[in-house]
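Just so you know, these numbers use all the heavy atoms, side chains as well, and skip hydrogens, waters and symmetry mates. Counting convention: from 1, in listed order, for ligands and their atoms alike.
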Amino acid sequence: MKPETLFYIIIAIIIVSFIIDQALDYINAKHFNDPLPLELQNVFDEAEYKKSQAYKKERYKISILSSSVSLIATLLFFFLDGFAYVDGLARSVSNNEIVIALVFFGIIMITSDILSTPFSYYSTFVIEEKYGFNKTTRKTFFLDKLKGWLMGAIIGGIILGAIIWFYQATGKNFWLYAWGLVTLFTILMNLFYARFIVPLFNKQTPLEEGPLRSKIEKYASKVGFTLDKIFVIDGSKRSTKANAYFSGFGSEKRVTLYDTLINDLDEEEIVAVLAHEVGHYKRKHIIFNLFLAIITTGFTLWLLSLFIGNPLLSEALYVSKPSFHIGLIAFGLLYSPISGISGLLMNYMSRKFEYQADDYAKKTFAAEPLISGLKKLSKNSLSNVRPHPLYVFAHYSHPTLLQRFRNLKK
Ligand SMILES: [Zn+2]
């Protein structure tokens, strides 16, 4: 195959995936004005529903603009030999392939993040602000960015550096070592994310003694679940939107409740949300997802090992000197349709898991408080209660409010 052919295959992948995304957004947006389904009429009153529609429209517009700018920037970068230019820049810094790769990715990541920052700034300080969601200060916004970059540089740098080092030392077999390292890292992240990463961004405090804590403990002991680590996180530092999640496993398992959730829901509803989270754990969704992520990583790395030595990958991006990092970029782009399809499967499975967790909450606690809790959460975040089924199929990791409502009412 000629390098130009591969170049145009990559361009086609980028353009087709842009078109698919835009088409999905468009058919979804066409239904923003649909009337509320009967079962959900008590979620929004007339004025609130109007407000939620206006909110969705504003977000849709900014997303069209931002993805178009990103597409144009990407295409310009490809057609103006951007990769060769950045590769040259990185090579002027060092002769060490690992350092070159790290500088190369650093430049690409930071540039693309800077390009997207005006849009996230506008979303946060104009749109979210206008609808009363935003609580972030400009200082927090930019500090978050800096911390994100720093963390990406450290974690990404160590992993990428090690993978290239494995490649230099073991050739084609590097993927096995890389798989081992990424697996170890994934497990550690799952275990210690809440303990070591979250505190960089938020304050977490143990849920204080009181009626809520005793209700939670009573439920947990009823279903035979050790739950001594219940934390409240200051989500209200950034947004009024509420959330709760479960993380870790074994003795590191813990539940994190947003302070906004405690504000918005009553105690019964919070316990119901928690019962749903316990359901994920009891049904082994957490271990299953971890296992699946490890298998997927192994497959991807193995596939990468088959192609990475081929100079065609670098030539396709018009970089004359073949290298691991350019090969990795080309491979990543060619692999994106496959990861798109596996993403669809993961979303499908995730939605199944949500039903199972809801069923668990219904069986071990009650359906009504979960329904009313979910309704409140939808209302308070002005979420889309009428997404298009195709859009749900492609993008939703959770069933829609209506689907969950019908399932819980069964
Ligand atoms: Zn869930």
Side-chain angles (χ1 to χ4, degrees), residues 40 43 186 189-191 193-194 198 207 215-216 219-220 222-227 229-233 235 239 241-249 252-262 264-293 343-381 383-385 387 391-410:
L40 300 181
V43 175
T186 310
M189 266 307 215
N190 253 274
L191 280 175
Y193 176 78
V198 175
L207 177 63
K215 275 206 178 88
I216 292 174
Y219 168 77
K222 182 186 140 196
V223 294
F225 189 77
T226 347
L227 190 56
K229 299 193 181 80
I230 310 168
F231 287 86
V232 180
I233 194 171
S239 168
K241 291 178 180 173
N243 200 359
Y245 62 86
F246 195 95
S247 62
F249 49 84
E252 278 298 325
K253 65 180 189 284
R254 62 159 87 192
V255 158
T256 307
L257 305 171
Y258 276 51
D259 54 355
T260 41
L261 187 87
I262 295 180
D264 292 353
L265 304 193
D266 67 30
E267 285 168 2
E268 288 288 296
E269 290 162 346
I270 294 171
V271 179
V273 169
L274 248 148
H276 168 100
E277 298 300 329
V278 172
H280 278 308
Y281 192 86
K282 288 269 184 180
R283 292 297 182 89
K284 308 221 169 10
H285 298 158
I286 294 172
I287 292 291
F288 181 89
N289 285 336
L290 185 62
F291 191 70
L292 192 68
L344 289 179
L345 287 174
M346 305 262 251
N347 273 342
Y348 176 79
M349 217 147 46
S350 167
R351 291 192 299 268
K352 287 265 168 276
F353 286 172
E354 291 306 319
Y355 284 127
Q356 290 178 9
D358 279 353
D359 290 344
Y360 184 87
K362 180 182 170 180
K363 206 176 76 198
T364 59
F365 191 65
E368 274 315 315
L370 186 55
I371 292 175
S372 66
L374 289 173
K375 281 183 175 176
K376 274 189 197 166
L377 292 175
S378 279
K379 172 195 164 97
N380 292 354
S381 58
S383 71
N384 188 1
V385 291
Y391 191 85
V392 173
F393 176 75
H395 291 303
Y396 273 45
S397 61
H398 287 55
T400 65
L401 179 64
L402 185 59
Q403 289 170 324
R404 292 177 77 175
F405 174 86
R406 286 180 179 159
N407 176 59
L408 283 164
K409 279 285 183 190
K410 262 199 312 226

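Looking at every heavy atom in both residues, Lys282 comes nearest to Tyr360 through CG-OH, 3.4 Å. Asp264 approaches Ala242 most closely through the heavy-atom pair OD2-CB, 4.0 Å. Listed here is the closest heavy atom pair of Leu290 and Phe249: CD2-CE2, 3.6 Å.
Counting only distances under 2.8 Å, and ignoring water, the protein N, O or S atoms around the Zn ion (ligand 1) are His276 NE2, His280 NE2, Glu354 OE1, Glu354 OE2.
The aromatic rings of Tyr281 and Phe246 lie tilted to each other, with the angle between the two planes from 30° to 60°.
When only modelled atom types and interatomic distance are considered, Gln356 and His280 share no side-chain donor-acceptor pair under 3.5 Å.
Residues passing the side chain to side chain donor-acceptor pair (under 3.5 Å) test with Ser372 are Glu269, sequence neighbours excluded.
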